[in-house]
Number of protein chains: 2
Amino acid sequence: MAGRTVREEQVSATRELILTAAERLFAERGVLAVSNRQVSEAAGQGNNTAVGYHFGTKADLVRAIARKHQVRIEEIRARLLAETGDSTDVRDWVDCLVRPVPEHLAALGSPTWFARFCAQVMTDPVLQQIMVEESMTSPSLRKIVEGLNRCLPELPADVRAERGEMARHLIVHMAADRERALAENTPTPRASWHDAATGLGDAVVALWTAPVTPTGR
Amino acid sequence: MAGRTVREEQVSATRELILTAAERLFAERGVLAVSNRQVSEAAGQGNNTAVGYHFGTKADLVRAIARKHQVRIEEIRARLLAETGDSTDVRDWVDCLVRPVPEHLAALGSPTWFARFCAQVMTDPVLQQIMVEESMTSPSLRKIVEGLNRCLPELPADVRAERGEMARHLIVHMAADRERALAENTPTPRASWHDAATGLGDAVVALWTAPVTPTGR
DNA sequence: TGGTAAGTCAAGCACCTGACTTAATCTCCC
DNA sequence: GGGAGATTAAGTCAGGTGCTTGACTTACCA
């Protein structure tokens with residue numbers, strides 16, 4: 001697939017070099033704390049404008065990193081989605097929602113940086129929108145939400161939205177926490193990414209199926 | 001309480017000016033995207049070193065902002081803690097955990113910036129530690145955790161830690177989401193901070209009391 | 001009331017950043 | 001085999017940054 005010609009191979013190789021260097025630096029020091037120059041140097045490019053040449057602005061670089069991973073995550077999600085079929089068990093749909101990211105991180109092998117990168121981008125006031133654009137285009141994600149809604153028909157729309165946000169936050173930030181703990185050799189609550197996803201699934205199922213105490217609205 | 005002398009009053013006034021200006025800029029544009037110079041100017045200080053003079057480094061400024069709010073939040077938490085006494089109902093303890101931040105934000109009046117600021121600082125690789133230091137010293141927080149543990153004696157320690165992290169993430173980021181929606185005039189799932197806290201409490205109670213599916217550890 | 005110290009202001013410093021320019025290098029395709 | 005075009009290297013530039021310096025203002029207190 002990649003690099004039909006020698007030239008294209010080289011180019012995509014340096015692009016990949018820049019992407020991984022940027023991902024690492026961003027995760028460890030913060031997206032805004034790292035300059036494009038530093039990324040170029042860390043990628044072994046003597047040219048200090050290599051990032052600008054290949055990707056444009058820093059926002060474009062962030063988008064490229066996000067997209068690279070989203071492709072793989074989307075594959076996993078589609079596979080899980082196919083496995084659950086038309087289940088009416090909340091747990092099955094929650095697994096579709098929860099497992100792709102941890103499974104992707106497990107597949108990358110240690111160490112990883114994407115979860116921390118992701119958590120940062122998702123909370124930054126200006127970068128946030130990039131991530132939303134990248135992830136909300138997923139067709140399988142839409143189907144999962146629909147499947148979940150079918151399992152929980154009596155849940156008010158507002159609460160549904162609220163709990164969707166909650167689930168998203170938990171998935172992203174718990175993965176980032178675990179990734180950071182692994183990077184720093186700090187103890188983690190779970191032995192593996194798979195177990196971590198199980199714990200996350202327990203929580204998210206409970207969260208979705210929790211009774212709604214009425215408010216004065 | 002503040003400003004025994006005229007001089008001290010002026011000083012604490014400019015300090016306050018800097019703190020609120022910084023909080024607003026940090027929340028809206030990102031902590032690292034805003035320079036100390038910009039903060040000084042936004043605070044109406046012609047001097048571009050005002051931040052440096054009064055607070056030192058940017059990390060110190062962040063710490064000062066965090067501390068200012070933590071004091072008020074701690075008061076609310078202590079009050080709620082006294083009200084729950086020695087309850088054995090998980091919901092009571094969860095309310096102690098969940099309500100202080102939304103209640104504090106409600107008391108500040110609209111618009112607020114602290115929740116967004118907080119979410120950023122909590123996910124930044126270098127600033128994170130500051131926030132942890134500031135919030136983990138809370139004695140009432142320790143008592144709440146202990147009370148919660150008493151209600152859930154059979155929960156494994158690892159899962160306890162895991163779900164504590166989850167609750168923390170939910171509290172911070174859901175508050176930030178709501179705050180952002182209010183700032184942008186976007187619809188919010190809940191009509192008030194109090195209702196938002198109720199929804200959050202529903203989720204966190206469910207999360208803590210969820211059954212633990214065994215893993216291979 | 002005058003000295004003192006704290007706070008404010010303005011200017012300058014070295015450094016870093018993104019953007020631009022120019023030159024060298026190399027693959028591709030005719 | 002050679003020119004065209006794309007990629008990398010290297011140097012430059014203006015603007016912004018944190019930090020330092022020194023002079024000025026002002027409230028405090030002996």
Side-chain angles (χ1 to χ4, degrees), chain A residues 1-26 28-65 120-121 124 126-127 130, chain B residues 1-22 24-26 28-65 120-121 124-127 130:
Chain A
M1 189 213 298
R4 220 185 31 244
T5 69
V6 178
R7 187 54 165 273
E8 286 168 10
E9 234 174 62
Q10 285 181 345
V11 171
S12 86
T14 75
R15 277 182 60 102
E16 202 62 28
L17 240 46
I18 292 174
L19 282 178
T20 58
E23 186 179 318
R24 196 184 70 237
L25 291 180
F26 288 168
E28 289 175 348
R29 303 188 207 166
V31 175
L32 276 124
V34 175
S35 69
N36 288 354
R37 247 187 169 83
Q38 291 172 322
V39 173
S40 293
E41 285 170 13
Q45 301 296 300
N47 182 10
N48 58 26
T49 63
V51 168
Y53 181 82
H54 284 283
F55 295 97
T57 123
K58 182 180 281 192
D60 296 326
L61 176 57
V62 167
R63 184 176 290 110
I65 296 173
Q120 276 183 68
V121 174
D124 184 277
V126 343
L127 297 176
I130 294 174
Chain B
M1 190 215 298
R4 221 188 26 246
T5 69
V6 178
R7 187 54 164 273
E8 286 169 9
E9 235 173 61
Q10 285 182 346
V11 171
S12 86
T14 75
R15 276 181 61 103
E16 201 63 26
L17 241 45
I18 292 173
L19 281 178
T20 58
R24 195 184 72 240
L25 290 180
F26 287 168
E28 291 175 348
R29 305 189 206 165
V31 175
L32 276 125
V34 175
S35 69
N36 287 354
R37 253 186 167 82
Q38 291 172 320
V39 172
S40 294
E41 284 170 14
Q45 302 295 301
N47 180 12
N48 56 26
T49 63
V51 168
Y53 181 81
H54 284 283
F55 296 96
T57 123
K58 183 179 280 189
D60 296 326
L61 177 57
V62 166
R63 186 176 290 110
I65 296 173
Q120 276 183 67
V121 174
D124 185 278
V126 344
L127 298 176
I130 294 174

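The chains referred to below are lettered A, B, ... by the order of the sequence lines, with proteins before strands, and numbering in each begins at 1. Values below: every heavy atom of this structure, side chains too, minus hydrogens, waters and symmetry copies.
Checked by distance alone, A:R37 brings a side-chain donor or acceptor within 3.5 Å of a matching partner on the base of C:dG18.
Across every non-hydrogen atom of B:R15 and B:H54, the tightest pair is NH1-O, 3.3 Å. Here the shortest heavy-atom pairing between B:G56 and B:N36 reads O-ND2, 4.5 Å.
The distance between atom CZ of A:F55 and atom P of C:dA19, rounded to the nearest whole Å, is 15 Å. Remark: P of C:dC16 and CZ of A:R29 are 13 Å apart, rounded to the nearest angstrom. B:R15 places its CZ atom 14 Å from the C1' atom of C:dA6, with the value rounded to the nearest Å. Atom C1' of nucleotide C:dC9 and atom CD1 of B:I18 are separated by 13 Å, given to the nearest angstrom. The CG-C1' distance, from A:L17 to D:dA9, rounds to 16 Å in whole Å. Atom NE2 of B:H54 is separated from atom P of C:dG7 by 7 Å (rounded to the nearest Å). Between the C1' atom of C:dT17 and the CG atom of A:N48 lies a distance of 10 Å, rounded to the nearest Å. The distance between atom CD of A:E41 and atom P of D:dA9, rounded to the nearest whole Å, is 12 Å.
The phosphate of C:dG18 (OP1 or OP2) has a side-chain N or O of A:S35 nearer than 4.0 angstrom. Look at A:Y53 and you'll find a side-chain N or O under 4.0 angstrom from OP1 or OP2 of D:dT7. The side chain of B:T14 places no N or O atom within less than 4.0 Å of a non-bridging phosphate oxygen (OP1 or OP2) of C:dG7. Proximity of A:Q38 to the phosphate of C:dT17: a side-chain N or O atom is located under 4.0 Å from OP1 or OP2.
Formation of a donor-acceptor pair under 3.5 Å by the A:E28 side chain with backbone atoms of A:L25 is not found in this model. The backbone N or O of B:G52 sits nowhere less than 3.5 Å from a side-chain atom of B:K58 that would complete a donor-acceptor pair. Using modelled atom types, one side-chain atom of A:D60 and one backbone atom of A:T57 make a donor-acceptor pair closer than 3.5 Å.
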Check: protein-nucleotides 21-23 of chain D nitrogen or oxygen pairs below 3.5 Å:
none

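In this structure, A:N47 reaches the bases: a heavy-atom distance under 4.0 Å links it to at least one base atom across the strands shown.
Between B:F55 and B:L19, some side-chain heavy-atom pair lies under the 4.5 Å cut-off. Here the side chains of A:Q120 and B:P125 are in contact, with some heavy-atom distance below 4.5 Å.
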